[in-house]
Amino acid sequence: MINTVRGTKDIIPAMVSDWHFVESVFRNTSKLYAYQELRTPIFEKTEVFSRSIGDDTDIVNKEMYTFKDKGDESITLRPEQTAALVRAVIQNGLDRESSNLRLYYIGPYFRYERPQKGRLRQFHQYGAESIGSPNPEADVEILLLANKVIKELGISDYKLLINTLGTENSRQNYKNALIEYLNQNKESLSEESQSRLQTNPLRVLDSKSEKDISIIEKAPVILDYLDEESANHFNTVTKLLDAVGVKYVIQPKLVRGLDYYCHTVFEFQSSVLGAQDSFGGGGRYDGLFAQLGGKPNPAVGFAMGIERILLILEAMKITHKEESECDVYVVCGNKELSIYANQIAEIFRNKGARVISDINRRSMKAQFKEANRLNARYSVIIADEEVSRNSVIVKNMASSEQQEIEISKLEEFEI
RNA sequence: GCGGUCGUAGCUCAGCAGGUAGAGUACCAGAUUGUGGCUCUGGUUGUCGCGGGUUCGAGCCCCGUCGAUCGCCCCA
């Protein structure tokens, strides 16, 4: 037997209705905020990601599916959408058509990681990006959309953590102060944090190692190092969130993994997910357009993990399975009558009913059992005696009432 | 990439001192020779994750490997 590749999963029919539900929430809610869908290829030139996400991040370092194609070009299966979306916006000149772009996306992404619950090598994300505004109003619009989506999904128990990384300047000042502090305590830090102190000191704040936690607690806080512009931006974001009633928790140690973030960063967490407790996150990335060769263009966005959302819904026992896939089951008395079965099935399908006509040549009893199992509302019975009178029997499966109806009158039958 | 737990019918699981595999459910058929849902009766299904080793004999022991899961790392 051949199985799926490690870290990948089939989405079987029993799961698809829940996928359709979350996808429809994403699409409908995005529309409410006038966001339009953008779709980009599944793979890109490697530099799209290596130039944007950051060489010191794990995503670029060890998690990308990268290979040489037959033209010897380095190709990467997209590990996230933002960088590729920015590339697409620049390439198609979308940012020249209007001062604001509001885009959303749904699709598969790929990271070579150790699989775990809620972490797959092929996973799916929904996300949205607001491009063109440097103002806190854009950050808040994005947060409102994300928050609305979560509410519409039916998720009630979650936390929104927010923080600011400030401008390049204030981040640099803070970084220096943090490095100085961490260096003073270097001996007591975990090995990993010591090495991250060299490569990406901000990330030390994320550490869950017991050794680090007490040190991190006393570490300088970025909020104390914000310049005026950064502080104004962040204060306006929180003020606007308060005004519109979005609940949040300021988490000064929240540092998102990707290099391109600045100013507002945020994360949505749910306690039902275990170690991977984040089911969505995002932030502002004003420098990314320039990094990818476009004209500078401020932007802010978020992404959510669909598999993690489905895990939350499952834990909450929220499901959207169809009660029935079939409205009418056509029961055929014997195989000589199957010529009528298809004709009659089509009559009901033309009326918009979902119809199954037996294709197994099984006994009528077996066909009824099937109709019952599928929760069909009606069965239509085709049998010699009635067919000789040009009619069939229509049976209401719930009440067991049945009536003989002329085939020519079936079109008028109300189902 | 590192560590813990686990891997038996489609699904949920049992199995023991190492002696050639079982239950429930699902599915199929019959009881009811033109009619479902309840009940009863009967039936099908397994390379016991894969490969190797120990043994007269391994689902059970040993090694390796693959996969799942939990944690680390990182992130959605």
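Here the structure is a predicted model, which is why all the values come from computation and not from measurement.
Across all strands, A:Glu307 comes closer than 4.0 Å to no nucleic acid atom at all (heavy-atom distances). When heavy atoms are screened at a 4.0 angstrom cut-off, A:Arg308 is found touching base atoms of the nucleic acid. Across all strands, A:Ile309 comes closer than 4.0 Å to no nucleic acid atom at all (heavy-atom distances). A:Arg114 comes within contact range of at least one nucleobase, with a heavy-atom separation under 4.0 Å. Looking at heavy-atom distances under 4.0 Å, A:Gly333 makes no contact with the nucleic acid at all. A:Gly282 comes within contact range of no nucleotide atom at all, as no heavy-atom separation falls under 4.0 Å.
For A:Ala383, the side-chain atoms get nearest to B:G34 when compared with the rest of B:G34, B:G71, B:A76. The side chain of A:Arg119 has B:C72 as its nearest neighbour among B:G34, B:C72, B:U32. Considering only side-chain atoms of A:Lys369, the nucleotide from B:G37, B:C73, B:U35 that sits closest is B:G37.
Within a 6.0 Å sphere centred on CZ of A:Arg349, heavy atoms belonging to other residues, nucleotides or ligands number more than 12. The neighbour count for A:Gln36 CD, taken as heavy atoms of other residues, nucleotides or ligands under 6.0 Å away, does not exceed 12.
The separation between A:Leu120 atom CG and B:A76 atom P is 14 Å, rounded to whole Å. As rounded to whole Å, 18 Å separates atom P of B:C75 from atom CE of A:Met304. Per the geometry, CZ belonging to A:Arg121 stands 15 Å off C1' belonging to B:U69, to the nearest Å. A:Arg78 has its CZ atom 14 Å from the C1' atom of B:A76, to the nearest Å. To the nearest angstrom, C1' of B:A76 lies 14 Å from CZ of A:Phe110.
Between A:Arg362 and the phosphate of B:C28, there is a side-chain N or O to OP1/OP2 separation shorter than 4.0 Å.
With hydrogens and angles disregarded, a donor-acceptor distance shorter than 3.5 Å links the side chain of A:Tyr181 to the backbone of A:Ile215.
The partner of B:U41 is B:A29, judged by Watson-Crick or G-U wobble contacts that both fall below 3.5 Å.
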